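Report on the following structure.
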Amino acid sequence: MTHPYARELGDFLRARRGRLHPRDVGLEPGGRRKVAGLRREELALLAGLSTDYYQRMEQGREVRPSDDVLDALAGALGLDDEERRHLYTLAHAARRPMPARVEHGPERVPDSTRRLLRVMDTPAVVLGRHLDLLDWNPMAEALLGDPQDAPPDRLNMLLLMFDDTLTGRRSCPDWERQALEYIGMMRAAVATDPTHPRATAIVGELSIRSAEFRRLWARHDVRESVSGTKTFRVPEVGDLVLHWDTYPLPGNPGPVMLVFTAEPGSADADRLQLLASLHATRTARARKT
């Protein structure tokens with residue numbers, strides 16, 4: 001049986017080799033090429049490895065690369081710091097014996113975190129290691145809608161992003177960028193446990209039914225922690241441009257808190273407060289009926 005970490009390592013190396021072109025590394029393209037990126041032998045030459053050894057790495061066969069080999073590969077592939085750490089995580093895990101079956105219990109949100117969510121005056125959610133939506137506050141409900149409307153096993157940021165019923169409503173101009181960031185977070189989670197049943201189920205389902213997901217997943221991008229900006233199009237108040245950041249919670253790897261904030265004193269902050277006020281009014285009316 002192929003070691004799961006060795007297989008993931010091989011896929012990562014192949015994806016990173018595919019994004020390089022001969023001229024990127026000072027090589028002449030030569031004649032007609034069957035592959036868009038570097039050939040295996042070209043990458044092996046740049047890293048100072050034999051083509052056979054490198055090919056076995058990409059195929060996930062029984063290899064245990066040293067740290068010197070990993071350094072050479074990282075340099076040849078032009079990996080950034082985050083990608084380099086990902087390479088080391090996979091390779092070091094592939095050196096160890098095949099992992100025994102591990103019991104995967106449910107992820108839990110600490111009571112202190114739940115209390116913190118309720119007193120925050122900005123949208124915030126807690127995401128599990130595989131991007132399951134574990135908890136949220138009223139401000140997040142105002143911004144994102146009521147998560148309780150979806151079945152519990154569908155409360156996952158990736159499943160929701162690639163939900164066919166929502167495809168027609170993807171009016172956000174940075175949808176693909178955010179999808180890549182969530183996919184990168186899932187990649188980082190898979191690197192810690194490639195056989196986790198939740199990851200296998202989510203990636204397997206999306207790979208079958210979404211060509212977009214297959215294309216983006218095949219890039220093997222990885223994100224350890226994410227921050228950025230996102231435009232929300234909310235008919236009640238207009239467009240909202242919010243900053244978002246992730247904050248790890250206790251546990252390694254454990255859940256993260258995803259927090260959306262508006263620039264203080266900005267029109268976005270005013271719109272966010274208006275949205276919260278409208279949501280609070282609706283909620284109060286619903287409780288009376």
Side-chain angles (χ1 to χ4, degrees), residues 1-99 176 179-181 183-196 199-200 202-204 206-208 210-224:
M1 180 183 293
T2 304
H3 195 299
Y5 285 99
R7 184 174 58 248
E8 186 73 13
L9 173 63
D11 289 345
F12 177 67
L13 290 172
R14 187 162 49 253
R16 285 294 162 270
R17 175 171 62 84
R19 75 178 181 181
L20 287 177
H21 297 88
R23 293 195 189 281
D24 296 336
V25 293
L27 297 176
E28 288 298 324
R32 193 168 184 177
R33 303 174 66 86
K34 294 181 180 179
V35 294
L38 289 183
R39 299 186 179 105
R40 287 195 185 100
E41 58 268 26
E42 291 170 335
L43 195 282
L45 177 65
L46 289 170
L49 305 175
S50 73
T51 301
D52 178 67
Y53 182 84
Y54 178 73
Q55 179 171 311
R56 284 187 287 127
M57 285 187 68
E58 277 202 5
Q59 293 171 342
R61 291 157 64 187
E62 190 63 26
V63 290
R64 293 182 171 84
S66 67
D67 286 356
D68 286 342
V69 167
L70 297 177
D71 277 340
L73 283 170
L77 291 166
L79 301 186
D80 62 25
D81 290 343
E82 207 163 35
E83 292 168 334
R84 185 181 289 261
R85 285 192 293 271
H86 187 65
L87 174 70
Y88 269 83
T89 296
L90 295 174
H92 288 174
R95 294 176 191 170
R96 299 191 291 269
M98 188 84 79
E176 181 169 310
L180 277 170
E181 287 167 340
I183 285 173
M185 293 172 72
M186 177 66 92
R187 273 286 179 200
V190 167
T192 67
D193 188 355
T195 61
H196 194 290
T200 302
I202 293 169
V203 173
L206 291 176
S207 295
I208 290 171
S210 173
E212 279 182 301
F213 178 82
R214 290 195 299 273
R215 176 177 63 84
L216 299 178
W217 183 253
R219 291 174 51 152
H220 277 259
D221 290 346
V222 60
R223 302 283 189 276
E224 294 173 356

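Every value quoted in this text rests on a predicted model; they were computed, and no experiment measured them.
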Any Lys/Arg nitrogen of R14 or D11 sitting under 4.0 Å from an Asp/Glu carboxylate oxygen of the other? yes
Okay, side chain of S207, backbone of G204: is any donor-acceptor separation there less than 3.5 Å? no
Holding to salt bridge (charged side-chain N to carboxylate O under 4.0 Å, His left out), I want the full list of residues that pass it with E181, two or more places apart in sequence or in another chain. R177
Which pairs pass ring-ring contact (aromatic ring centres under 6.0 Å, His included) with one or both residues in residues 58-81, sequence neighbours excluded? none
Minimum-distance pair of heavy atoms, taken over all atoms of V203 and F213: O-CE2, 3.9 Å
Shortest non-hydrogen contact from T192 toward Y5: O-OH, 2.7 Å
Hey, could you give me the CG/CZ distance between D80 and R85, rounded to the nearest 0.5 Å? 8.0 Å
Roughly how far, to the nearest 0.5 Å, is CG of L49 from CZ of R40? 13.5 Å
Whether R7 side chain and G60 backbone form a donor-acceptor pair below 3.5 Å: no
Examine distances only and state if a side-chain atom of R64 and a backbone atom of A94 form a donor-acceptor pair shorter than 3.5 Å. no
Worked check of side chain to side chain contact (heavy atoms under 4.5 Å, CB included) between R223 and I183: CA-CA 8 Å; R223 302 283 189 276; I183 285 173; over 6 Å; no
Interatomic spacing from CE in M57 to CG in L70 - rounded to 0.5 Å: 6.0 Å
Could you report the tightest heavy-atom contact between A76 and L20, atom names first, then the distance? O-CD1, 3.6 Å
Name all residues meeting the salt bridge (charged side-chain N to carboxylate O under 4.0 Å, His left out) criterion together with R61; count only those two or more places apart in sequence or in a different chain, and write none if there are none. none
Option among E42, E41, R56 that satisfies the side-chain contact (heavy atoms from CB on, under 4.5 Å) test with T51: E41
Where P4 and P194 come nearest, the two heavy atoms and their spacing: CB-CB, 3.9 Å
Nearest heavy atoms of M186 and A199, plus distance in Å: SD-CB, 4.4 Å
Could I get the full list of salt bridge (charged side-chain N to carboxylate O under 4.0 Å, His left out) partners for R214, not counting sequence neighbours? none
Supply the atom-to-atom distance L46 CG to L77 CG, rounded to the nearest 0.5 angstrom. 9.0 Å
Please find the pair of heavy atoms, one from Y54 and one from A44, that lie closest to each other, and give the distance. CB-CB, 4.0 Å
If only atom types and distance count, is the side chain of R17 paired as donor or acceptor with the main-chain N or O of L38 below 3.5 Å? yes
Nearest-0.5 Å distance that lies between atom CD in E82 and atom CG in D221: 9.5 Å
Ring pair (Phe, Tyr, Trp, His ring centres under 6.0 Å) with Y88: which residues, sequence neighbours excluded? H92
Is any side-chain N of the basic residue among R187 and E83 closer than 4.0 Å to the acidic one's carboxylate O? no
Let me see the working for L13 and L87 under side chain to side chain contact (heavy atoms under 4.5 Å, CB included), right down to the final yes or no. CA-CA 8 Å; L13 290 172; L87 174 70; 3.9 Å; yes
Determine yes or no for a side-chain-to-main-chain donor-acceptor pair under 3.5 angstrom, with R16 supplying the side chain and H220 the backbone. yes
Ring pair (Phe, Tyr, Trp, His ring centres under 6.0 Å) with F12: which residues, sequence neighbours excluded? H86
